[in-house]
Amino acid sequence: MEHIRTPKVEQVKLLDRFNNKTTTGTLYLTATHLIFVESNVPGAHEIWILHHHIASVEKLSLTTSGCPLLIQCRNFRVVHFVVPRERDCHDVYSSLLRLLRPVSYDELYAFSYNPKQNEQQREVGWQLIDLTAEFERLGLPCDQWQLSDVNRDYKVCETYPRDLYVPITASKPIIVGSSKFRSKGRFPVLTYFYQEKKAAVCRCSQPLSGFSARCLEDEHMLQAISKANHNSRFVYVMDTRPKLNALANRAAGKGYENEDNYSNIRFQFVGIENIHVMRASLQKLLEVVGTRSLSVNDYLLGLESSGWLRHIKAIVDAAIFLTKAVTVEGASVLVHCSDGWDRTAQVCALGALLMDPYYRTLKGFMVLIEKEWISFGHKFADRCDQLDGDPREVSPVFTQFLDCVWQLMEQFPQAFEFSEWFLIQLHEHVHSCQFGNFLGNSQRQREELQLKDRTYSLWAHLLSEQHNYLNPVYSPSFAERHPVLEPSTQPWNFKFWRNMYHQFDRTMHPRQSILKHTLTLKESNSKLEDTAHTLQAKLQTLGVSTSPLELHSWSREHRLPPRPQSLILGAPLSRKEAQQEEEVLGEEALEDAPDGNGGERTVEGSSATENGYGELQSSFSSKNEPAMVSLEFGVARMTC
Amino acid sequence: MEFSEHIKTANVDDVVLKLPLRPALKGTLCVTAHHLVFSERKEEAGTCLRNLCKDLRILQFDIPGMEECLNVASSIEALSSLESVTELYPFFHRPRELSLSEPWGLSSPQQQYAQTERLWDRWRLSKVNRNFSVCMSYPRTVIVPCAIDDITLAKAASFRQGGRFPVLCYYHRSNGMVIMRSSQPMTGANRKRCREDELLLQAAIDESEMGYIIDTRSAQQAQQARMAGGGFESKAFYHHWRRLHRHLERGKVLQESLIKLVEACGDPSQNMDRWLSKLENSKWLSHVHSALSTAGLVAECVERDGHSVLVHGFEGTDTTLLVTSLAQLILDPASRTFRGFLQLLEREWVQAGHPFRQRCAHSAHSHARLRQECPAFLLLLDATWQLGRQFPLALEFSEVLLLRLAQDAYASDYGTFLCSSEQERCALQVKENTHCLFQFLLRREEREKYVNPLYEATDLAIWPSVHPQSLQLWTGLFLRWTEYAQTMDEAREEIWTIVKERKETDRPKGCAHTTLSRHDSFTNVENLMDELTVL
């Protein structure tokens, strides 16, 4: 609070990123959000920006109309305000600078967020995803794999979870010895078990082999993994780094497994670039697609030179390699990169998604993320820049994983129970710091922060509104027919995910969506229902008994709005638009009714002016721009 | 006329057929006058023959024996490029369920005129071209301003390339503005003028109003055209018209773009960067972009600014038609229906004289005779597909129809896309001797395959987004034979089922009937209100 010097600035202009539209309104600065409210419009539109979502604030040089403030968010929203007075602008700017860089965990939104749930509900929320049950589902422990208590107190590896599954033949000294030979003590442990072939997917970090060092315990460990699978005489070792990087690591006393020292391994590099390359790549991509009046050729050239899709393809390729080794050859695979928490998590999670239909359900996907990402210590706090930290640790590793999943959804529209809005929502909350799940860098740290007692679980929140995230064409029978997905890796199957990277740029999206359509109707229905209920209640207070209204049993079924896959009918269903639609419905109905007051009627946000086909805007006597619904506050609804 | 001359070897046994994404088939290959017939059997193989089809499919036959292979190859070569139109298959296609006496075609300027009552006081039907003497590529009747008589028209026609004088192609009901199209005026190097042409354009708009000429060439191209006798409307003589230049590629450039794109799609390399650079290099999406944004500009002039528009380029038979028909799709709800779209194509492409015969002769795999080949029609279908992606509820037809049209424009069982103009069609009696594709598609059992299950009519204009990020490669067409599209088809089926469920079975489910349910709740509320008032 003490950081906020000017809580309210009036007459602020909001400039659209891709056309000349401006909106005037009031800017509010609160402890958690930056809020922009359009003025002088009935049913004013608002933008709520969570401070944690802000990646950077820039004060541009003074112009005649005021002082421009450019805010870029981690959820790919870019807003450009013009504040009339320089002093106000500076106040907002310096407050934001402080607010968006929390220095301790206690400042994060999750610790102040209160969704009006009681203690019990909160506890239930945290118990929704149970990894012990997940390993049971995989058939573990079994005759070859056991639960080890070696890391019960985080003594062997502090970035691993407490419960780890290892081969029966791997004794405690072997484990401890192996962990000493692995970077950050991340020794090989099981992460997925393919029951049909008894093949295991294991993960670890790079060995500390340097140029010639070896470790008998580590060799034994790999031997034990190999022996645990009778189907194959060898185990694949996938190093997800480019060979050059692995070689360079040898100079630092790290490196990769020497095939001569390990019996029965098949070693393979798969060449996914490191976090720094990925960070630069996404930055380049966003720069390109953020350009105003971008030409088609520059767009395609920029897409190519950013390399983003090439990296996405590399990850999918690696996951396919993993899947083939396990499901076709029946071999166990050990996956690692440098520390085994970025590329390894991507490849293992994506591989499991390809192999197991369970992970393609809503709940299963949560389990997968909980397991591969949260429990095995993907450094969410560092990668997502939750606290003011080293900018070189920030990298869109998880975003990339979601992008890969989206690419699969495009290829297999019926395979996933959830839609892309689920992925986008996850992305939103990985950065929002609103729920406890993604805070911190490891399980141990989360326990220290007592997140389960002090914050709420995202999974409960998402499950409570899961009807928003379902894929209408999901078919369980498809899963039966295709238990293992075999995606095509032809380059044209890898596409730019517009609904993610342009989720707030409304003019770019298809202008009609079934989802929105049904949600609008749903909303009006439930309003009518409410009215009926209140009237009924009124009647009852007046002592009149009415036959209980049959209030439409369909409404529940209706909660599952049929939504087409964007792939097939091109209706990316802007959930946010839909929400916004819900909220402005009342006003819009009023606005629409007496048509002809100079406003332009358009198909749901499609407007000639926003597209700028020509230089007509300037050359013609300009008509009054209609009050366009162009700013959404779906996020705000979700976050407050 | 003797097909048998071309067929040197009619039957070849033991041929292996290789299709992308399918196991190879073995069997007998028969060459007939219009078809290659392949029946499956089991055996071994020898020389190979690659067949590159116009619908972008590649068939590979392995034929035992060099001589037979060469014979088949030359037969196919000869039979696939028959010179005479009347030898083509539509003249022989006689399906049992169709009769030649059935009506041919859906729409014509007469019908359009008759249906648009509000045209009557300022526009008239002119039969000046009844024997194709004024303009070879126009239909017999056209719609022109009332104030202009046929003699003036004929004089104006002589001032326009190919006699294509400005005619009406679309009337915007909400404000009475029109879209017209023509070819370039023949001003030449010494800036000739033609009073009749000026009068004609002046009559199209009221004195006070102003009109726009959208020239589909760059200003520079228009200037250069004067050297070849063509030109543009000069501001000095056409006071009330403002000219805007929007450069659209045409002819050879478009064809090469298509060839490059098809080649990129057939590239088996797995390299991401290579694919993106080839896609960029083909420039196809840029052409889609400029087509859509020019059409958007035309629609914007008409709808938002309330001015009439004249569109032309050089001959007025390619990019002009592309722009006018896309603008109509954006503006006119009627043209977004199944029938309306086919009518639009018939008026704006078939009758308006798009030279299908030259433009759609060989598609992307041909190396010969590039001069006249141009995928303008394909570009229209692609742009329409983009509209459909952006407005999934607005078009009554689905991608399947567009694919069917793309195929039939190049090779068809039906006569609709034969020939280059109405005149040619009359001379060859196409309408008497072939079946009409559009009529066929509208038959109830066919129609079912091509409609968009989610269609919901809207009266509003649909303004497409032309950000590069909003445009996509039409995988349905360009990767039709290379991609394993089964999962997509299944998903499409699923959507159909959902929609049908909503439409047919239990009423209380789904949004199609929410209006109904809404009435229910209304009634309930009303009842309660009544009771309250009683109290």
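Remember, predicted model here, so these are calculated numbers, not experimental data.
The shortest heavy-atom contact between B:Met272 and A:Lys313 is SD-CD, 3.9 Å. Here the shortest heavy-atom pairing between B:Pro468 and A:Leu294 reads CG-O, 3.2 Å.
In this structure, CG in A:Asp505 is found 8.5 Å from CD in B:Gln469, a value given to the nearest 0.5 Å. The distance from atom OG of B:Ser286 to atom OH of A:Tyr299, rounded to the nearest 0.5 Å, is 12.0 Å. Here CZ of A:Arg498 is found 7.5 Å from OG of B:Ser465. Values are rounded to the nearest 0.5 Å. Rounding to the nearest 0.5 Å gives a distance of 9.5 Å between CG of B:Leu473 and CH2 of A:Trp492.
In this structure, no portion of B:Ser290 lies under 4.5 Å from any heavy atom of chain A. Only the backbone of B:Ala264 comes within contact range of chain A, with at least one heavy atom under 4.5 Å from a heavy atom of that chain. Residue A:Ser305 does not touch chain B at all, counting heavy-atom pairs closer than 4.5 Å. For a residue to count as touching a neighbouring chain, one of its non-hydrogen atoms must lie under 4.5 Å from one of that chain's; by this rule A:Phe494 touches chain B with backbone and side chain alike.
Side-chain contact between A:Val289 and B:His467 is absent, with no heavy-atom pair separated by less than 4.5 Å. Contact check for B:Glu280 versus A:Glu304: no side-chain heavy atoms found under the 4.5 Å cut-off. Counting heavy atoms from C-beta outward, B:Arg274 and A:Pro491 have side chains that stay 4.5 Å or more apart.
Looking only at heavy-atom pairs under 4.5 Å with chain B, the residue among A:Asp298, A:Leu303, A:Leu300 that has the most is A:Leu300. The most heavy-atom pairs under 4.5 Å with chain A, out of B:Asp273, B:Asp267, B:Leu276, come from B:Asp273.
More than 12 heavy atoms of other shown residues, nucleotides or ligands fall within 6.0 angstrom of atom CD in B:Gln472.
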